[in-house]
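Keep in mind the model is a prediction, meaning the values are calculated, not measured.
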Amino acid sequence: MSTVSFDLTGNALAQLDRLIAQCVDTKPIMDGIGNVLASKVRQGFRTSTDPWGNQWKPLKRRKGQPLVDTGRLRSSISYHAISGSVAVGTNVSYAPYHQFGFTINKEARAGEVYFKRNRDGSVGNRFVRKSVSDFAQSVIFGAHTVTVPARPYLPITPQHTVDLPASWQADVADIIRQHWRQA
């Protein structure tokens with residue numbers, strides 16, 4: 001049996017060592033992937049679309065964009081990368097309710113509503129905070145249901161599985177290819 005052996009020295013050995021080091025530590029790749037995925041999630045907030053390009057259901061009770069009342073949820077989107085994995089998400093406690101939607105069944109109850117009188121002494125027809133009101137009325141709130149529709153901003157299905165859209169997958173593949181070209 002014949003064998004051939006090579007001894008790598010100088011520049012070739014240094015390049016091979018660098019390539020092996022980059023194969024072992026994938027954190028730079030994960031940082032790039034996390035940055036791109038978090039940017040795509042934030043883009044969804046700007047366009048009011050889910051990761052798959054579907055428009056979020058419009059608001060019923062106020063004007064403006066869905067999920068951007070104060071901007072807290074949008075600005076909390078971040079990523080955490082370690083060698084071998086990256087996590088994109090938020091630490092905002094109400095985030096899952098918007099991602100997956102929710103329904104609340106409210107029972108009937110008694111309460112007070114507050115109004116402010118007009119200059120002519122008549123009672124206004126808009127609710128105000130208790131601290132600025134000068135007229136209160138006792139009422140019975142009937143049983144009702146409050147439903148907030150799902151407005152997915154992360155590529156997670158209702159079954160809690162990750163479903164990266166094809167364009168997002170292509171961007172991840174580009175980051176990996178770019179990293180290996182540099183190596």
Side-chain angles (χ1 to χ4, degrees), residues 8 10-106 127 129 144-183:
L8 296 176
N11 191 32
L13 186 58
Q15 287 178 349
L16 182 60
D17 286 342
R18 191 177 75 212
L19 184 60
I20 289 169
Q22 289 181 355
C23 291
V24 172
D25 181 18
T26 59
K27 187 177 181 305
I29 295 174
M30 296 301 141
D31 271 326
I33 292 170
N35 189 34
V36 165
L37 295 182
S39 294
K40 289 194 166 291
V41 171
R42 286 187 214 102
Q43 176 66 30
F45 279 88
R46 284 190 289 280
T47 60
S48 295
T49 56
D50 69 20
W52 306 277
N54 304 310
Q55 284 294 132
W56 288 335
K57 292 196 188 287
L59 297 171
K60 290 184 180 178
R61 304 244 183 245
R62 69 170 175 85
K63 294 181 180 180
Q65 275 186 286
L67 305 188
V68 192
D69 186 23
T70 64
R72 180 176 174 216
L73 180 60
R74 176 187 56 204
S75 63
S76 72
I77 300 299
S78 61
Y79 73 92
H80 177 71
I82 59 173
S83 188
S85 71
V86 62
V88 178
T90 175
N91 62 354
V92 173
S93 61
Y94 56 81
Y97 300 115
H98 291 296
Q99 175 76 24
F100 302 111
F102 67 99
T103 300
I104 299 173
N105 295 316
K106 303 283 270 182
F127 299 120
R129 291 186 311 269
H144 62 282
T145 301
V146 176
T147 300
V148 174
R151 293 185 176 103
Y153 51 91
L154 295 171
I156 301 172
T157 68
Q159 296 77 28
H160 301 278
T161 59
V162 175
D163 180 22
L164 282 184
S167 64
W168 294 31
Q169 291 179 30
D171 289 343
V172 168
D174 286 345
I175 291 167
I176 294 169
R177 275 193 289 275
Q178 181 182 26
H179 182 80
W180 290 115
R181 276 189 210 116
Q182 291 173 351

Undergrad: Closest heavy-atom contact between D31 and A81?
TA: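 Looks like OD1-CB, 3.4 Å.
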Undergrad: To the nearest 0.5 Å, how far apart are CZ in R177 and CD1 in I29?
TA: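 It is 12.5 Å, given to the nearest 0.5 Å.
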Undergrad: How close do V146 and K106 get, counting heavy atoms only, and between which atoms?
TA: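 Scanning both residues, the minimum pair turns out to be CG2-CG, 4.4 Å.
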Undergrad: Of the non-hydrogen atoms in V148 and H98, which two are nearest, and what is the gap between them?
TA: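 Smallest heavy-atom distance, with atoms named: CG1-ND1, 4.3 Å.
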Undergrad: For the OH atom of Y79 and the CG atom of N35, what is their distance to the nearest 0.5 Å?
TA: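 That separation rounds to 5.0 Å.
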Undergrad: Walk me through it: do D163 and W52 pass the test side-chain contact (heavy atoms from CB on, under 4.5 Å)?
TA: CA-CA 9 Å; D163 180 22; W52 306 277; 3.4 Å; yes
Undergrad: Q55 and T49: which non-hydrogen atoms are nearest, and at how many Å?
TA: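 Heavy-atom minimum between the residues: OE1-CG2, 3.0 Å.
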Undergrad: Counting heavy atoms not belonging to R129, are there more than 12 under 6.0 Å from its CZ?
TA: no
Undergrad: With no hydrogens and no angle check, is any side-chain donor or acceptor of S83 less than 3.5 Å from a backbone partner on T26?
TA: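 Present.
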Undergrad: Would you compute the distance between atom OG1 of T147 and atom NZ of K60 and round it to the nearest 0.5 angstrom?
TA: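 Output value for this atom pair is 8.0 Å.
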Undergrad: Give every residue pair that meets the salt bridge (Lys or Arg N to Asp or Glu O under 4.0 Å) criterion with at least one member in residues 32-46, sequence neighbours excluded.
TA: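 Residue pairs with at least one partner in residues 32-46: K40-D171.
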Undergrad: Test side-chain contact (heavy atoms from CB on, under 4.5 Å) on I82 and M30 and set out the steps.
TA: CA-CA 7 Å; I82 59 173; M30 296 301 141; over 6 Å; no
Undergrad: For L164 and Q169, which heavy atoms make the closest approach, and how far apart are they?
TA: O-NE2, 2.7 Å
Undergrad: How far does CZ of R181 sit from CG of D174, to the nearest 0.5 angstrom?
TA: 7.5 Å
Undergrad: Taking the side chain from R151 and the backbone from K57, do they hold a donor-acceptor pair closer than 3.5 Å?
TA: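 Side chain of R151 to backbone of K57, a donor-acceptor pair under 3.5 Å: yes, one is there.
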Undergrad: I would like to know whether V36 and S39 meet side-chain contact (heavy atoms from CB on, under 4.5 Å); could you show each step before the answer?
TA: CA-CA 5 Å; V36 165; S39 294; 5.7 Å; no
Undergrad: In a table with atom names and distances, give each donor-acceptor pair under 3.5 Å that connects a side chain of residues 152-160 to protein atoms at least two apart or in another chain.
TA:
unit_1, atom_1, unit_2, atom_2, d
Y153, OH, A95, O, 3.1
T157, OG1, Q159, N, 3.3
T157, OG1, Q159, OE1, 3.3
T157, OG1, T161, N, 3.3
T157, OG1, T161, O, 3.4
T157, OG1, T161, OG1, 2.8

Undergrad: Considering only heavy atoms from C-beta outward, does the side chain of Y97 approach that of V92 to under 4.5 Å?
TA: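 The answer is no, as the side chains (C-beta and beyond) never meet within the 4.5 Å cut-off.
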Undergrad: Counting N and O atoms only, with roles assigned by atom type, does the side chain of W56 sit under 3.5 Å from a partner on the main chain of G44, one being a donor and the other an acceptor?
TA: no
Undergrad: Is the closest side-chain heavy-atom distance between L73 and F45 below 4.5 Å?
TA: yes
Undergrad: S48 and Q65: which non-hydrogen atoms are nearest, and at how many Å?
TA: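 For S48 versus Q65, the nearest heavy atoms are OG-NE2, 3.0 Å.
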